[in-house]
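Reckoned from all heavy atoms, side chains included, excluding hydrogens, waters and symmetry mates. The model shown is predicted, which means the values in this text are computed figures rather than measured ones.
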Amino acid sequence: MGPGLYEALGERLVSVPDFALKAVECLSVCKRLCTVALAAAGKWTYVVGDLTCESHLEDIVIAARRYAASPEGIVPWRERPLSFRKGVVSRTPPLVLAETAPA
């Protein structure tokens with residue numbers, strides 16, 4: 001299911017500015033069918049599960065476009081597709097890695 005969803009999303013999201021689609025081997029959400037993550041530097045990260053290519057392709061495209069357009073990555077709950085309201089596995093604040101001091 002994952003590779004087919006990846007290919008379909010690639011075709012649909014090619015026109016979204018500053019958006020890159022990346023396949024990963026596993027998000028460790030085995031019980032949640034197909035899972036996607038929306039992440040960007042300085043933005044909140046959303047992990048959403050229970051998605052299928054057949055039923056949720058348009059939802060994923062809508063959510064990705066709204067996420068890309070949001071400065072902080074926060075898409076208001078009412079503006080998320082239904083599958084993204086119900087399927088959220090996690091929402092993580094932007095992570096700032098500590099700079100290492102020179103030795």
request  = If a pair satisfies salt bridge (charged side-chain N to carboxylate O under 4.0 Å, His left out) and one of its residues is in residues 57-74, list it, with sequence neighbours excluded.
outcome  =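 Found R12-E58.
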Which pairs of donor and acceptor atoms, one on a side chain in residues 73-82, lie under 3.5 Å apart (sequence neighbours left out)?
residue : atom : partner : partner atom : Å
R80     : NE   : V75     : O            : 2.8
R80     : NH2  : Y46     : OH           : 3.3
R80     : NH2  : V75     : O            : 3.1

Which atom names give the shortest non-hydrogen contact between [X] and [Y], and what distance separates them?
{"X": "L27", "Y": "V36", "result": "CD1-C, 4.2 Å"}
{"X": "V89", "Y": "G49", "result": "CG2-N, 3.8 Å"}
{"X": "A39", "Y": "T45", "result": "CB-OG1, 3.6 Å"}
{"X": "C34", "Y": "L5", "result": "SG-CD2, 3.4 Å"}
{"X": "F19", "Y": "A68", "result": "CD1-CB, 4.3 Å"}
{"X": "A40", "Y": "Y67", "result": "N-OH, 3.2 Å"}

With side chains defined as the heavy atoms from C-beta onward, is the minimum distance between [X] and [Y] less than 4.5 Å?
{"X": "Y6", "Y": "K22", "answer": "no"}
{"X": "L51", "Y": "L57", "answer": "no"}
{"X": "K43", "Y": "P94", "answer": "no"}

task = Look only at the side chain of R32 and the backbone of G87, and say whether a donor-acceptor pair between them is shorter than 3.5 Å.
result = yes
request  = Without swapping roles, check the side chain of K86 against the backbone of D50 for a donor-acceptor pair under 3.5 Å.
outcome  = no
Hydrophobic clusters here meaning ILVMFWY residues chained together by side-chain heavy-atom distances under 4.5 Å, can you tell me if [X] and [Y] are in one?
{"X": "V29", "Y": "F84", "value": "no"}
{"X": "W44", "Y": "I60", "value": "yes"}
{"X": "V88", "Y": "L38", "value": "yes"}

Stepwise side-chain contact (heavy atoms from CB on, under 4.5 Å) check, L21 with V14 = CA-CA 9 Å; L21 187 63; V14 70; over 6 Å; no
